[in-house]
Every structure is written in C-alpha cells, then in structure tokens.
There are 2 protein chains.
Amino acid sequence: MKPNIHDVAKIAGVSSTTVSRVLNNRGYISEKTKEKVYRAMEEINYFPNDLARSLFRKRTNLIGLIIPNSSNPFFGELAFHIESICTSMGYKLLLCNSLHRKDKEEKYLEMLIRNQVDGVIAVTYNRGILNYHKQNLPIVAIDHYLSDSIPVVGSDNYDGGKKAAELLIEKECRHIVHINGPIELTTPANLRRKAYEDVMHKHGRQPITYEVPFYQDYHDIISTLFDEQPDTDGIFSSDDIMAAAVMTEAKKRGKDIPNQLKVIGYDGTETVQSILPELTTIQQPIELISKTAIEILAKEIEGEFDDIPPETYLPVRLLEGRTT
Amino acid sequence: MKPNIHDVAKIAGVSSTTVSRVLNNRGYISEKTKEKVYRAMEEINYFPNDLARSLFRKRTNLIGLIIPNSSNPFFGELAFHIESICTSMGYKLLLCNSLHRKDKEEKYLEMLIRNQVDGVIAVTYNRGILNYHKQNLPIVAIDHYLSDSIPVVGSDNYDGGKKAAELLIEKECRHIVHINGPIELTTPANLRRKAYEDVMHKHGRQPITYEVPFYQDYHDIISTLFDEQPDTDGIFSSDDIMAAAVMTEAKKRGKDIPNQLKVIGYDGTETVQSILPELTTIQQPIELISKTAIEILAKEIEGEFDDIPPETYLPVRLLEGRTT
DNA sequence: CTGAAAGCGCTTACAG
DNA sequence: CTGAAAGCGCTTACAG
C-alpha cells in the first residue's frame with residue numbers, strides 16, 4: 001500500500017503531528033527532527049495525500065474549466081493558457097468539454113461541485129449555470145453573460161468588429177457581408193456584429209449578416225451566401241475557421257482572393273496563423289484573457305469581491321495578411 | 001456552509017448511515033425512508049463530497065492526461081476525445097501541458113500522484129516517468145515508449161509512412177524528401193521515417209530526411225530544405241502543421257503545388273482538414289486511439305493485466321487532397 | 001430494515 | 001519544540 005503520514009512518523013521516530021508540521025513548515029521544529037522526517041519520507045517514497053488535506057482544509061486548489069470543445073483551436077489555446085497559468089498559481093485543472101450542450105454543462109457543473117472545485121471558468125451560453133450560482137461557487141465567464149453576478153472576460157469585440165469592417169471599407173470593398181453565430185446567444189461576441197452594422201450604416205451601406213446556427217454545417221451557409229450575394233467582394237467572418245471555409249469556397253468558384261474578394265476572420269489563433277498565414281484576422285489576446293479570468297476567479301475564491309469588474313474587455317489586434 | 005450528510009440525516013429524521021445507504025443504493029432501505037432522504041437532499045441542495053468518498057474508497061475516478069500542448073490540433077483533439085470518453089466512463093480528467101519539458105512532466109506526475117489519480121495517460125518522451133512507475137501507478141502511453149511495462153497505443157506509423165512514401169512515388173515524384181522530428185526520441189513515430197526509408201530504398205532512391213529538433217523554428221529548416229534541395233518535387237512531412245509550412249514556403253517561392261511539388265502530411269486532424277482541405281495527409285484515428293488507451297488504462301486500474309497488449313497500433317487512412 | 005462506531009489520511013487547536 | 005485528540009465528510013462491517 002501507499003505509505004501514509006503514520007508510516008513516515010514511525011520511521012522517523014516522531015509523531016504524525018510532527019511530520020505534518022514538517023510537511024507544512026508550520027510551528028517550530030528542530031532542524032534535527034526536520035532532517036529525520038525528510039529522510040524518512042524519501043526512504044519510503046512518501047507523497048502527501050491531497051485528498052485528505054483538501055478535505056480538512058475545505059480547499060482543493062482545483063479549478064473546473066468548461067469549454068465547448070478543446071479541438072477548436074481557440075478553445076485549445078485557451079485551455080492551454082488557462083492550464084499553464086493555473087499550474088503556475090498552484091491550481092489544478094479539471095477539463096470539461098460541453099459541446100455547447102445544456103445537459104452536459106449541467107452534469108459537468110454538478111461533477112465539479114461534488115469534487116469541491118474552488119472555482120469554475122466557463123465558456124458557455126447556458127444560463128442554466130445560474131441555478132448553481134446559488135451554491136456561491138466562484139465562477140468567471142469568458143465571452144458570455146451568464147448572470148449579473150458573474151464577471152465576464154473577453155476581447156474587445158466591438159473594437160474588433162469595427163476594425164474588421166473598417167478595413168474592408170478602406171480597401172474599397174463595395175459589397176461587404178458578415179458571417180456570425182446565432183444572435184440569440186447572449187454573448188459579447190454579438191458586439192462584433194453590432195460594430196459591423198454600425199460601420200456599414202455610417203458609410204451608408206446596408207449590412208448583411210448570415211447567421212450560422214449551432215450544429216449546422218457552415219459550408220452550406222457559405223455556399224448559399226456565394227449564391228445569393230454574387231457581388232460580394234468583402235467578407236468579415238466572426239471566426240477564422242469559417243473564414244478559411246470562405247477561402248476554400250472562393251477558390252472552388254474561381255474567385256480570386258484578394259482581388260475579387262477580400263476576407264477577414266476573427267480569433268487569430270497561433271494554429272490558424274501558422275497553417276494559413278495569409279489570412280487577415282482580428283487577433284484575440286488569448287493569454288491575457290486567460291490570465292485576467294484566473295485573476296478574477298482567484299479574487300472571488302479569496303472572497304475579495306470589491307474590486308472585481310463585472311466586465312473586462314481586452315484589446316484586439318489587426319493581423320493583416322494577404323487576404324485583404 | 002455546504003450541507004453534509006448529517007444535515008440531510010437530521011432533516012430526514014434518520015441516521016447518516018441510512019443516508020449513505022440511499023446515496024449508494026446499497027443494502028435494504030424501505031421505500032418510505034428513501035423518499036424522505038431524497039426529499040431532504042433536495043430541500044437543502046445536497047451534493048455528496050467526492051473528496052470524502054474517494055478518501056475512503058481509495059479510488060478517485062480521476063485520470064491525469066499529460067500532453068505537450070493542447071494548442072496543437074492533434075493534442076487538442078486527443079484531449080477532447082480522451083475527456084469525452086473518460087466522462088462517459090465516469091472518469092474525470094486532470095489536464096497537464098508539459099511542453100515536452102522534463103521538469104514539468106515530473107512535477108505534473110507528482111501532482112497527479114498527490115491527487116491520487118487512478119491512472120495516467122501520457123504523451124511524453126520523458127523516460128523519467130519510469131521512476132514513478134515504481135509506485136505502481138497505472139500508466140498508458142500514447143505514441144511513446146516509456147518502459148517495457150508501460151503499454152503503448154498509437155497509429156500504425158509504419159503503414160502511414162509507407163502509404164505516404166508510396167503515394168509520392170506513384171505520383172512520379174523524382175526527388176522525395178522527408179521531414180521528421182528529432183530521431184533521439186524513442187517514439188514509434190520514428191517508424192514513419194523507417195517506412196519512408198524502406199520504400200525509397202526499395203525503389204532504388206536515396207532517402208533524405210530533414211530533422212526538426214524541439215524548440216527550433218521549423219520554418220528555417222524548411223527554408224534550408226528548399227535551398228539545399230532545389231529539385232525536390234515531393235515532400236512527406238511527418239505532421240500537418242509542417243506540411244502547411246511547406247505549402248506556404250512553396251507559394252512564396254512560386255513553386256506550384258501539386259505540379260512542381262507534391263506535399264503530404266501526417267495526422268489529418270479535423271482542424272487542419274477544415275482549414276486546409278486540399279492537404280493530402282495520413283489520418284490518425286484519434287478517437288480510436290483515445291478509446292483504446294482508456295480501455296487499456298481501465299484494465300490496469302482494475303488490475304486485469306493479463307490481456308493487455310504491450311503495443312497497439314491502429315490503422316491509418318490516406319486522405320487524398322489536391323496537394324499530391 | 002436501521003444505527004453506532006471505526007476509519008480513510010490528513011491538519012490544527014490545545015496542552016505540555 | 002513535540003504529542004494526543006478531535007474532526008474534515010464520507011462508507012462499511014458489525015450488531016440488532
């Protein structure tokens with residue numbers, strides 16, 4: 001069996017209280033005793049059981065991360081940064097892929113509660129998460145409004161949408177179309193659309209937005225867009241994956257990018273940038289978003305609710321490639 | 001404070017033993033008592049503390065996943081599938097991004113041990129993990145030999161390399177070059193290289209492999225390859241990301257793909273396929289690899305070591321795009 | 001069918 | 001500077 005603190009105590013010839021003190025570097029312990037205890041721990045290859053510690057302390061240093069899907073480059077990178085930062089702060093990360101499904105989100109949340117996580121970082125549109133907030137579990141949301149009391153962190157979506165739309169106008173596109181996710185979602189990402197529409201109106205243009213519902217194949221919608229809007233010479237896609245699909249469809253139809261059609265995406269993940277460096281896009285500061293979200297969550301965990309901003313929007317950056 | 005089993009017992013008017021029995025559906029309990037207990041749990045919003053349960057049972061249902069980096073599409077998808085399958089089997093996943101760094105791998109492993117994980121799935125080249133195996137912690141490795149006693153699961157790398165090399169030969173490439181990771185790594189992925197070399201020799205060709213060490217920018221190496229091997233008309237890259245970089249470099253140099261240069265990658269992740277559908281590649285069965293690895297790990301956890309194959313190689317598939 | 005007691009592996013007042 | 005005792009929130013023989 002795995003050795004426990006009593007085994008260490010026996011070998012070191014002290015009480016388990018003393019071993020615990022050495023472990024936690026707490027109270028006065030003579031150097032000699034410390035030595036003995038360390039030697040004993042090493043001898044039997046002892047590692048403290050964090051379950052027992054957490055049970056007593058009512059603190060697990062466990063954080064739950066609920067994202068739709070770590071396969072997606074944006075979420076994959078978000079998960080990477082969040083995990084890295086958590087680790088550097090002494091937190092451990094429980095990964096949950098909800099696939100945007102409400103039932104899964106709820107089950108995951110219950111699992112996280114049962115596992116006594118100290119807090120949850122959620123990228124989810126499911127306001128059902130609210131019900132759990134009553135348990136006063138610290139939560140921070142990324143790019144989604146979950147409730148008035150849950151802080152949100154994200155990129156400056158309005159500015160990103162504005163930058164994208166303005167670039168296409170600047171590049172003298174005449175017929176600019178926008179592709180976005182479902183509008184019902186209460187996500188700040190809708191601000192990308194709002195900004196696009198505002199810019200269009202400001203320039204006396206008619207905004208046209210194609211919506212991609214969840215679970216629907218965006219290829220069909222992009223194909224429809226090309227059919228219905230043959231004059232399109234500028235497309236602002238609210239994410240890079242769809243922008244790539246637009247590029248593929250344009251190539252298929254013999255439309256030259258950027259001469260006949262200019263394309264700009266959103267996210268600017270390392271992955272997409274490395275695979276498709278020509279894609280112009282609005283880059284989200286994923287690492288900064290991660291860092292900010294964790295810092296806010298850490299404050300909630302420590303009970304410092306005073307200086308937590310309800311919404312934090314981090315600056316985006318225009319990455320100009322050759323598609324515009 | 002969070003309610004515990006005694007709070008439930010008090011409200012239901014029974015002992016905590018009975019509540020526990022209801023919770024675990026164990027032994028005989030009258031329907032009436034069950035009802036009362038369930039009602040009480042609901043009334044105070046009770047969720048059992050899995051920490052306490054796990055402490056007693058010496059079983060956490062926690063699995064640790066160590067991957068280099070969830071930002072990479074292959075590992076992001078692997079993490080997604082592993083997490084999904086774990087969840088469907090009642091396991092929870094602790095995510096660790098090692099960045100291929102030995103010190104990080106060791107720290108993560110210690111963390112996982114302290115947290116009493118039931119098992120570990122590792123994608124790491126660090127044989128240092130061996131030291132921990134003494135703790136008889138169930139481990140399964142993906143695509144890397146860690147030790148004789150640690151089962152390995154991966155794609156059929158030899159067949160993949162063979163398929164790739166043969167395709168280029170079939171397509172009448174005269175000068176075929178291979179790009180691979182560092183050869184020192186004791187990974188079955190070296191079989192991709194071996195297969196390439198075998199196929200080349202079989203056809204009386206001279207194999208040429210460019211190695212990309214960790215942490216080195218592969219762009220430089222690709223650029224060097226183009227400089228040093230100007231006649232190259234076929235490149236087999238051992239991963240899709242580098243294949244994409246080859247495509248970018250070719251475009252920069254005005255080399256037409258596939259007419260002047262044919263490119264084939266490896267991995268065939270959903271992400272790369274959706275962004276770069278034209279890329280010909282060898283697709284790894286990521287979901288199947290995940291499933292197999294978890295099943296093997298589950299057997300180790302249950303102590304059924306008999307029918308665990310030391311090595312499992314799952315079939316790959318050639319996805320032909322327009323780059324060959 | 002139900003409950004009191006012991007124990008999982010720790011930590012922390014408390015006492016000395 | 002060190003130890004005995006109680007307790008974190010559960011579960012499981014054991015007894016009735």
Side-chain angles (χ1 to χ4, degrees), chain A residues 1-38 40-41 44-62 110-118 135, chain B residues 1-38 40-41 44-62 92 110-118 135 137:
Chain A
M1 278 319 298
K2 271 182 195 165
N4 64 22
I5 202 170
H6 296 103
D7 299 321
V8 177
K10 207 175 296 172
I11 290 178
V14 297
S15 72
S16 54
T17 306
T18 298
V19 177
S20 173
R21 268 206 208 82
V22 173
L23 235 32
N24 295 289
N25 211 355
R26 191 172 183 282
Y28 300 90
I29 326 119
S30 74
E31 271 310 315
K32 227 176 88 192
T33 308
K34 255 190 208 174
E35 286 273 307
K36 276 192 301 183
V37 171
Y38 281 129
M41 296 197 297
I44 59 174
N45 220 323
Y46 170 77
F47 292 100
N49 182 330
D50 270 353
L51 247 44
R53 289 183 136 173
S54 297
L55 182 60
F56 185 88
R57 292 188 181 144
K58 295 169 179 301
R59 184 78 134 73
T60 55
N61 286 316
L62 230 35
E110 186 179 319
M111 178 277 275
L112 295 173
I113 288 171
R114 286 168 179 256
N115 281 278
Q116 314 300 116
V117 295
D118 292 341
Q135 304 242 354
Chain B
M1 280 319 295
K2 272 183 194 164
N4 64 21
I5 203 171
H6 296 103
D7 299 321
V8 176
K10 207 175 296 170
I11 290 178
V14 296
S15 74
S16 53
T17 307
T18 299
V19 176
S20 173
R21 270 204 207 83
V22 174
L23 235 32
N24 295 290
N25 211 357
R26 191 172 184 282
Y28 299 90
I29 326 120
S30 74
E31 271 308 315
K32 229 176 85 191
T33 308
K34 254 189 208 174
E35 285 274 304
K36 276 192 300 184
V37 171
Y38 281 130
M41 296 198 298
I44 58 174
N45 221 324
Y46 170 77
F47 291 101
N49 183 330
D50 270 354
L51 248 45
R53 290 183 135 172
S54 297
L55 182 60
F56 184 90
R57 292 189 183 141
K58 295 172 179 301
R59 183 80 134 73
T60 55
N61 286 316
L62 231 35
K92 300 152 283 186
E110 185 179 321
M111 178 278 277
L112 295 173
I113 288 171
R114 287 169 178 256
N115 281 275
Q116 315 298 119
V117 294
D118 292 339
Q135 304 244 351
L137 173 66

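Quick note on labels: first sequence line is chain A, next is B, and so on, each numbered from 1. Remember, predicted model here, so these are calculated numbers, not experimental data.
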A:L23 vs A:R53, side chain to side chain contact (heavy atoms under 4.5 Å, CB included): CA-CA, chis, key distance, verdict: CA-CA 11 Å; A:L23 235 32; A:R53 289 183 136 173; 3.7 Å; yes

Between [N] atom [atom2] and [X] atom [atom1], what is the distance in whole Å?
{"X": "A:H6", "N": "C:dC8", "atom1": "NE2", "atom2": "C1'", "result": "11 Å"}
{"X": "A:E35", "N": "D:dC1", "atom1": "CD", "atom2": "P", "result": "15 Å"}
{"X": "A:Q116", "N": "D:dG9", "atom1": "CD", "atom2": "P", "result": "9 Å"}
{"X": "A:R57", "N": "C:dG9", "atom1": "CZ", "atom2": "C1'", "result": "12 Å"}
{"X": "A:K32", "N": "D:dC1", "atom1": "NZ", "atom2": "C1'", "result": "12 Å"}
{"X": "A:R59", "N": "C:dT11", "atom1": "CZ", "atom2": "P", "result": "15 Å"}
{"X": "A:N4", "N": "C:dC8", "atom1": "CG", "atom2": "P", "result": "8 Å"}
{"X": "A:E31", "N": "D:dC1", "atom1": "CD", "atom2": "P", "result": "9 Å"}

Comparing A:R26 with A:I5, nearest DNA chain C nucleotide closer to 5' gives the residue A:I5

Looking only at side-chain N and O atoms, does [X] come under 4.0 Å of OP1 or OP2 in [N]?
{"X": "B:N49", "N": "D:dG9", "value": "no"}
{"X": "B:K2", "N": "D:dG9", "value": "no"}
{"X": "A:K58", "N": "D:dG9", "value": "yes"}

Interatomic distance, CZ@B:R21 vs OG@B:S16, rounded to 0.5 Å, equals 10.0 Å

Tabulated below should be each protein N or O lying under 3.5 Å from an N or O of nucleotides 3-6 of chain C; please produce it.
unit_1: C:dG3; atom_1: OP2; unit_2: B:S15; atom_2: N; d: 3.1
unit_1: C:dG3; atom_1: OP2; unit_2: B:S15; atom_2: OG; d: 3.1
unit_1: C:dG3; atom_1: OP2; unit_2: B:T18; atom_2: OG1; d: 2.5
unit_1: C:dG3; atom_1: N7; unit_2: B:R21; atom_2: NH2; d: 3.4
unit_1: C:dG3; atom_1: O6; unit_2: B:R21; atom_2: NH2; d: 2.3
unit_1: C:dA4; atom_1: N7; unit_2: B:T17; atom_2: OG1; d: 3.2
unit_1: C:dA4; atom_1: N6; unit_2: B:T17; atom_2: OG1; d: 2.9

Is there a donor-acceptor contact under 3.5 Å from the side chain of [X] to the main chain of [Y]?
{"X": "A:T33", "Y": "A:I29", "answer": "no"}
{"X": "A:D118", "Y": "A:R59", "answer": "no"}
{"X": "A:N115", "Y": "A:V117", "answer": "no"}

Counting any heavy atom closer than 4.0 Å, what does [X] reach on the DNA or RNA strands: base, sugar-phosphate only, or nothing?
{"X": "B:N24", "answer": "sugar-phosphate"}
{"X": "A:S30", "answer": "sugar-phosphate"}
{"X": "A:S54", "answer": "nothing"}
{"X": "B:L55", "answer": "base"}

Using side chain to side chain contact (heavy atoms under 4.5 Å, CB included) as the criterion, list what pairs up with [X], not counting sequence neighbours.
{"X": "B:N4", "value": "B:H6, B:D7"}
{"X": "A:I11", "value": "A:A40, A:E43, A:I44"}
{"X": "B:Y38", "value": "B:V22, B:K34, B:M41"}
{"X": "A:S20", "value": "A:I5, A:N24"}

DNA chain C: stems of at least 3 consecutive Watson-Crick or G-U pairs whose donor-acceptor distances fall under 3.5 Å: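 Looking at DNA chain C, the stems formed by three or more consecutive pairs are C:1-3 with D:14-16, C:5-12 with D:5-12, C:14-16 with D:1-3.
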
Distance-only side-chain donor-acceptor flag, B:K92 / B:N61, under 3.5 Å: no

Between C:dC10, C:dT2, C:dC1, which one does the side chain of B:Y28 approach most closely?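 Closest nucleotide to the B:Y28 side chain: C:dC1.
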
